[in-house]
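Here is the structure we will look at, set down as structure tokens.
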Amino acid sequence: MKKLLLLISHAAALALGFAAGIYVLPILTAPSSPSTAEVNEIVAAAVFSGHFRRDLAGSDALHWGEGRVHIAADHIALEGQLAPGPDYQLYLVPEFVETEAEFQRLKSRSARVGPVKTFDNFMVAVPPGVDVAAYTTVVVWCETFQQFITAGSYR
């Protein structure tokens with residue numbers, strides 16, 4: 001019985017350490033956030049803007065975003081914060097979504113803009129050929145865990 005308890009306690013400690021590593025590693029390896037001046041350049045050029053909110057149906061205590069998102073023809077910037085996590089990707093979606101299931105349904109009709117690597121403000125370049133006016137919503141999605149983080153409607 002003692003060996004079983006030791007095995008369970010060690011396995012639990014290992015699992016907890018692994019989970020903490022997944023959460024902390026993106027924070028430790030994240031590049032510096034864009035400066036206010038850099039974000040303000042996108043704000044000045046923005047043709048659309050919207051908001052990320054914490055209270056979306058698909059967001060929770062570990063998966064959320066808040067702040068103002070600005071969409072220019074060549075860049076998308078956030079003045080705000082995201083919950084830290086691995087492998088965040090920014091997508092443009094043809095209609096507002098706020099859950100994993102809703103995003104999965106529209107993912108094939110969405111445009112992947114690029115990786116989000118910072119959690120306090122971000123700037124992501126829009127790939128050539130992507131027309132931001134053809135979409136209505138910006139979504140932050142974790143590819144590794146297929147997890148909805150946040151979304152903001154801009155049209």
Side-chain angles (χ1 to χ4, degrees), residues 1-40 42-43 49-71 75-127 130 132 135-154:
M1 183 66 160
K2 185 177 180 180
K3 287 183 181 182
L4 179 62
L5 288 174
L6 282 173
L7 180 64
I8 291 171
S9 68
H10 282 75
L14 181 64
L16 184 63
F18 181 75
I22 288 174
Y23 183 79
V24 172
L25 185 61
I27 298 169
L28 296 175
T29 61
S32 298
S33 295
S35 70
T36 302
E38 291 172 310
V39 171
N40 284 340
I42 306 306
V43 171
S49 54
H51 287 92
F52 287 157
R53 301 184 341 254
R54 281 187 186 230
D55 63 348
L56 297 177
S59 297
D60 58 34
L62 295 175
H63 309 100
W64 54 267
E66 65 182 357
R68 191 149 176 84
V69 63
H70 304 278
I71 298 90
H75 280 83
I76 297 174
L78 172 69
E79 290 179 289
Q81 295 181 315
L82 297 173
D87 198 17
Y88 283 2
Q89 298 294 321
L90 190 68
Y91 282 86
L92 295 175
V93 183
E95 62 187 67
F96 183 71
V97 298
E98 64 176 311
T99 66
E100 291 172 30
E102 291 172 352
F103 178 69
Q104 291 283 23
R105 179 177 53 83
L106 294 174
K107 191 173 181 184
S108 65
R109 295 183 12 221
S110 302
R112 184 180 160 279
V113 178
V116 175
K117 297 184 180 201
T118 59
F119 310 111
D120 289 322
N121 298 339
F122 69 65
M123 286 180 20
V124 179
V126 175
V130 173
V132 297
Y135 301 91
T136 67
T137 303
V138 177
V139 171
V140 178
W141 175 257
C142 176
E143 287 291 345
T144 299
F145 295 105
Q146 299 292 291
Q147 177 68 47
F148 177 85
I149 307 303
T150 192
S153 177
Y154 62 87

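Nothing fancy with the numbering, it's 1 onward along the sequence.
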query: What about the rings of Phe103 and Tyr91, do their centers lie closer together than 6.0 Å?
result: yes
- prompt: Under 3.5 Å, is there a donor-acceptor pair between the side chain of Ser59 and the main chain of Asp55?
  reply: no
- request: Indicate yes or no: at least one non-hydrogen side-chain atom of Ile149 is less than 4.5 angstrom from one of Phe52.
  value: no
task: Specify the closest pair of heavy atoms between Thr137 and Ser153, including all atoms of both residues, with the distance to one decimal.
output: OG1-CA, 4.0 Å
field: Non-hydrogen atoms of Ala77 and Val39 that approach each other most closely
entry: CB-CG1, 4.3 Å
Between CE on residue Met123 and NE2 on residue His75, distance to nearest 0.5 Å: 5.0 Å
task: Indicate yes or no for a side-chain donor-acceptor contact from Tyr88 to the backbone of Ala83 under 3.5 Å, with no hydrogens or angles considered.
output: yes
message: Quick check for you: to the nearest 0.5 Å, what is the distance between Leu56 atom CG and Thr99 atom OG1?
response: 10.0 Å
message: Walk me through whether Ile76 and Leu92 qualify under side chain to side chain contact (heavy atoms under 4.5 Å, CB included).
response: CA-CA 10 Å; Ile76 297 174; Leu92 295 175; 3.7 Å; yes
task: Answer yes or no: is there a side-chain heavy-atom contact under 4.5 Å between Tyr154 and His70?
output: no
- prompt: Which heavy atom of Cys142 sits nearest a heavy atom of Pro86, and at what distance?
  reply: SG-O, 3.1 Å
- request: Please answer whether the main-chain N or O of Val69 pairs with a side-chain N or O of Ser49 as donor and acceptor at a distance below 3.5 Å.
  value: no
- request: Output the distance between atom OG1 (Thr150) and atom NE2 (His63), rounded to the nearest 0.5 Å.
  value: 12.0 Å
- prompt: Rounded to the nearest 0.5 Å, how far apart are CD of Glu102 and CZ of Phe148?
  reply: 8.0 Å
statement: In terms of heavy-atom contacts, Asn121 and Glu79 come closest through OD1-CA, 3.3 Å
statement: Residues Asp120 and Gln81: closest non-hydrogen pair is OD1-NE2, 2.9 Å
Step-by-step side chain to side chain contact (heavy atoms under 4.5 Å, CB included) determination, Val93 to Thr136: CA-CA 6 Å; Val93 183; Thr136 67; 5.9 Å; no
- request: Return the minimal non-hydrogen interatomic distance between Glu38 and Ser35, and the atom names on each side.
  value: OE1-N, 2.7 Å
query: Rounded to the nearest 0.5 Å, how far does CD1 of Ile71 lie from CD1 of Ile42?
result: 11.0 Å
- request: Report yes if some heavy atom in the side chain of Glu95 is under 4.5 Å from a heavy atom in the side chain of Arg105; otherwise report no.
  value: yes
- prompt: When rounded to the nearest 0.5 angstrom, what distance separates NZ in Lys107 from CD in Gln146?
  reply: 4.5 Å
